[in-house]
Amino acid sequence: LSIMGDASMGPNVSPPDSTAQQDSLFSMTDVFLISLITGLLTYWLFFRKKKEEVPDLPKVQTVAAPVRDSSFIEKMKKTGRNIVVFYGSQTGTAEEFANRLSKDAHRYGLRGMAADPEEYDLSDLSRLSEIDKSLAVFCMATYGEGDPTDNAQDFYDWLQEADADLSGLRFAVFGLGNKTYEHFNAMGKYVDKRLEELGAQRIFELGLGDDDGNLEEDFITWREQFWPAVCEHFGVEATGEESSIRQYELVVHTDVNMNKVYTGEMGRLKSYENQKPPFDAKNPFLAQVTENRKLNKGGERHLMHLELDISNSKIRYESGDHVAVYPANDSSLVNRIGEILGTNLDTIMSLNNLDEESNKKHPFPCPTSYRTALTYYLDITNPPRTNVLYELAQYATDPSEQEHLRKMASSAPEGKALYLSWVVEARRNILAILQDMPSLCPPIDHLCELLPRLQARYYSIASSSKVHPNSIHICAVTVEYETKTGRVNKGVATNWLKGKVPTDNGSSSLVPMYVRKSQFRLPFKPSTPIIMIGPGTGIAPFMGFIQERAWLKQQGKEVGETVLYYGCRREHEDYLYREELGRFQQDGVLTQLHVAFSRDQAEKVYVQHLLKKNKENIWKLVHEGNAHIYVCGDARNMARDVQNTFYEIVAEFGNMSQPQAVDYVKKLMTKGRYSLDVWS
């Protein structure tokens, strides 16, 4: 600020021969200027800060430690690589696929490396042709509503602004998406199209993986045609060497200082003991659970409301943001894996990357114990991907079991069908596979190398920071179902959260968490009407929205129509937040409340039926009132049905054809007046 002050004081130094009149004029102008600047600065500091402060927090660390130590080109030259596989990954799958592709290269006498675009300067792509037989592959996931993943945001920004000449670059793209979402594989499609526009040469067609179907199969199918295309392009052929080579070596620590051993932390050793902000994915905050109550009065499900205390964390959030929590696996599953493999789970070990040049020294924080790795770091509940089965096959002593595993990992149609039925549809996790194949007994360290990382789980925040600045609320339903094999599978995070009881201070009530910003925001003007559609736990962000509108009303602001369409199974069973919603309605904050009880009558009634019933009112709010529409919850059916209902309403009352109505709704989306927060 002082620099600003000094600069603005400049005109005060008037030349000696100036008259007194000029002088006073100057100082008047000066006083005016200084006031103006001070006013602007105050405005900037206090009003801008609210918006800007939080998104900037996670970046603080990257400023402190410059991650981009080297150019990926230099690294590739130094280590003799010719294929670089970049991944845009939010939940680890794209990173996994990138690792598999970079490992494959070995079979063709090529050398690959997987790379996080966040760690390198991608403008170096124009120099890749300096390396012989070079190729860049991109495994790009799409996140949210057609957005890049967090680690690919800078790359995406660069691509949009770049006017680079990439004419020497050869590339291929595999996209990871989900067909239930509006913008299926938007990121993969964009990268593929944009690289070509910048002059790069596509050597194999864009792959579009669909997680709503069988993403693993989509990847295998693409990959088995991708490599022959690479061979043809470079004039190389398979060396016949299989790629079942270990990536990490096991080191067992016999006399280790326990203070140097990871016990579940995500980044810095002992970060859970001495917590330091800013808190983010690599440095989560340990929040105390202050409330955990069951929301439903009956039925076989368990719906719950949790409150996390974020006092003294400096964490800020807005209504509509997501809270990410790092769960832990069920200890009984971990123990059973240990028993089958005949291992002492408390052995302290490290898995060290055999490629010393790799940025990834360990698959998860090391040194640690097998118990910690299987509890906090590894995903042991999702059905394993085919590469895991392929690598484990060698440890099955019964030839028929070995054959069964190899077959499922093959790209032959019957192999794919077997994998789909025996693993995916039967929802067999690694423990179930070990139980159902008695001769399979892999070394535990190899299993730990192969399993994917346990990921954070995201929940829409069910509170407003205006009302609860030191608390974040979660509304969730525990996942539990019986599989075709008669086993009961339980959702990792929801069952772990269910067991979090508010106590005086034990670890049984601590939840590692951080906040992720979202685009799901209340309108800038409180007087703008809002239509919220959120059946089931989709009501979560709307509890925050309604709390915030009530607060705005208390502040004397003019608050527009606040309309909620909510749905549940039965009125007396799982009507969530009934009392709170009733109070908001009494206070005149919630101006309309429409609830669909799907199973309380012979024919099913869902939120979209209620929207149709009130179609005139909906059209009036949207067309005349400039209302903002928000949809939260299930992407597969609900979000699609609701969107189709809006098409119908717009077509009918706006006298439009179907294509015009679709266009009208899509325009609302681009203007930020139709927002989605959905999951499948």
Side-chain angles (χ1 to χ4, degrees), residues 72-73 75-77 79-89 93-117 120 122 124-141 155 166-176 185 187-189 191-196 198-209 215-245 247 355 358 385-387 390-391 409-412 415-416:
F72 68 88
I73 302 285
K75 186 160 188 176
M76 288 172 76
K77 287 179 176 174
T79 59
R81 316 284 164 132
N82 33 15
I83 295 183
V84 58
V85 191
F86 289 105
Y87 54 85
S89 191
T93 311
E95 180 179 358
E96 217 180 301
F97 286 179
N99 281 324
R100 285 161 70 177
L101 287 170
S102 74
K103 225 171 156 183
D104 282 346
H106 180 80
R107 281 193 238 163
Y108 305 96
L110 302 166
R111 288 197 71 199
M113 72 175 228
D116 182 343
Y120 297 101
L122 268 81
D124 272 356
L125 282 169
S126 57
R127 293 178 47 215
L128 190 61
S129 54
E130 294 171 14
I131 296 171
D132 184 41
K133 292 196 176 71
S134 62
L135 170 67
V137 186
F138 297 85
C139 290
M140 307 307 288
F155 172 43
L166 300 182
S167 52
L169 175 71
R170 287 171 289 238
F171 77 94
V173 179
F174 182 81
L176 295 83
N185 254 316
M187 189 61 184
K189 290 171 181 171
V191 171
D192 185 68
K193 173 176 129 287
R194 187 71 183 125
L195 290 172
E196 186 175 50
L198 293 171
Q201 179 191 1
R202 182 188 297 104
I203 71 152
F204 189 62
E205 70 199 40
L206 166 67
L208 296 175
L215 183 61
E216 175 71 14
E217 186 177 317
D218 296 337
F219 175 65
I220 291 175
T221 306
W222 179 83
R223 171 182 164 210
E224 76 192 34
Q225 294 167 332
F226 163 74
W227 284 114
V230 172
C231 289
E232 194 179 327
H233 188 89
F234 292 125
V236 295
E237 51 189 57
T239 56
E241 275 186 63
E242 274 312 324
S243 63
S244 180
I245 337 158
Q247 207 179 334
D355 171 10
S358 174
R385 300 203 176 273
T386 57
N387 62 309
Y390 178 82
E391 301 257 352
S410 76
S411 51
K416 287 176 180 172

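Given the structure is predicted, the values throughout are model-derived calculations rather than measurements.
At least one donor-acceptor pair closer than 3.5 Å links the side chain of S102 to the backbone N or O of N99. Without hydrogens or angle criteria, S134 side chain to L128 main chain gives a donor-acceptor distance under 3.5 Å. Looking only at distances, a side-chain donor or acceptor of R111 sits under 3.5 Å from a matching main-chain atom of T79. In this structure, N185 contributes its side chain and G209 its backbone to a donor-acceptor pair below 3.5 Å. Between the S411 side chain and the E224 main chain, no donor and acceptor come within less than 3.5 Å of each other.
In this structure, N82 and L135 have side chains that are not in contact, with every pair of non-hydrogen atoms separated by 4.5 Å or more. K77 has its side chain within reach of I131: a pair of non-hydrogen atoms, C-beta onward, lies under 4.5 Å apart. At least one side-chain heavy atom of F155 sits less than 4.5 Å from a side-chain heavy atom of F138. Contact of the F86 side chain with the C139 side chain is not registered, since no non-hydrogen atoms from C-beta on lie closer than 4.5 Å. With contacts defined as side-chain heavy-atom distances shorter than 4.5 Å, the pair V85/M113 does not qualify. In this structure the side chain of F97 reaches within 4.5 angstrom of the side chain of L215, judged on heavy atoms. A 4.5 Å side-chain heavy-atom check between V173 and V137 finds every atom pair outside the cut-off. When side chains are defined from C-beta on, Y87 does not count as touching E96, because their heavy atoms never get closer than 4.5 Å.
Considering only residues two or more places apart in sequence or on other chains, S167 meets the side chain to side chain contact (heavy atoms under 4.5 Å, CB included) condition with D165. Not counting sequence neighbours, the partners of D192 by the side chain to side chain donor-acceptor pair (under 3.5 Å) test are R202. Remark: Q201 pairs with no residue by the side chain to side chain donor-acceptor pair (under 3.5 Å) rule, at least two apart or across chains.
Taking CG of L169 as the start and OG of S126 as the end, the distance is 8.5 Å to the nearest 0.5 Å. Distance OH/Y120 to CD1/I73: 11.0 Å, rounded to 0.5 Å. The CG atom of D104 lies 9.0 Å from the CD1 atom of I83; values are rounded to the nearest 0.5 Å. Taken to the nearest 0.5 Å, the CG atom of L101 stands 6.0 Å off from the CZ atom of F226. How far CG of L110 is from CZ of R81: 12.0 Å, rounded to the nearest 0.5 Å. With rounding to the nearest 0.5 angstrom, the CG atom of N387 is 8.5 Å from the CZ atom of F219.
Between E217 and R385, none of the side-chain N atoms (NZ, or NE/NH1/NH2) sits under 4.0 Å from a carboxylate O, so this pair counts as no salt bridge.
Of the options R100, R223, K416, a salt bridge (charged side-chain N to carboxylate O under 4.0 Å, His left out) to E216 is made by R100 and by none of the others. Checked against F204 for a ring-ring contact (aromatic ring centres under 6.0 Å, His included), the options W227, F171, W222, F174 give a single hit: W222.
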* To do: Might you work through the side chain to side chain contact (heavy atoms under 4.5 Å, CB included) test for V84 and M76, ending with a clear yes or no?
  => CA-CA 8 Å; V84 58; M76 288 172 76; 3.7 Å; yes

* **Steps toward side chain to side chain contact (heavy atoms under 4.5 Å, CB included) verdict (R127, D124)** => CA-CA 5 Å; R127 293 178 47 215; D124 272 356; 3.8 Å; yes

* Asked: After noting the C-alpha distance and the side-chain angles of V236 and K133, does the key distance pass the side chain to side chain contact (heavy atoms under 4.5 Å, CB included) rule?
  -> CA-CA 10 Å; V236 295; K133 292 196 176 71; 3.5 Å; yes

* To do: Decide side chain to side chain contact (heavy atoms under 4.5 Å, CB included) for D218 and L208; before the verdict, give the C-alpha distance in whole Å, the side-chain angles of both, and the deciding distance to 0.1 Å.
  => CA-CA 7 Å; D218 296 337; L208 296 175; over 6 Å; no

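Taking each heavy atom of C231 and E237 in turn, the nearest pair found is SG-CA, 4.2 Å. Here the closest non-hydrogen pair linking S410 and G415 is OG-CA, 3.8 Å. In plain terms, the two heavy atoms of S89 and A94 that are nearest each other are OG-N, 3.6 Å.
Within a 6.0 Å sphere centred on CD of E130, heavy atoms belonging to other residues, nucleotides or ligands number more than 12.
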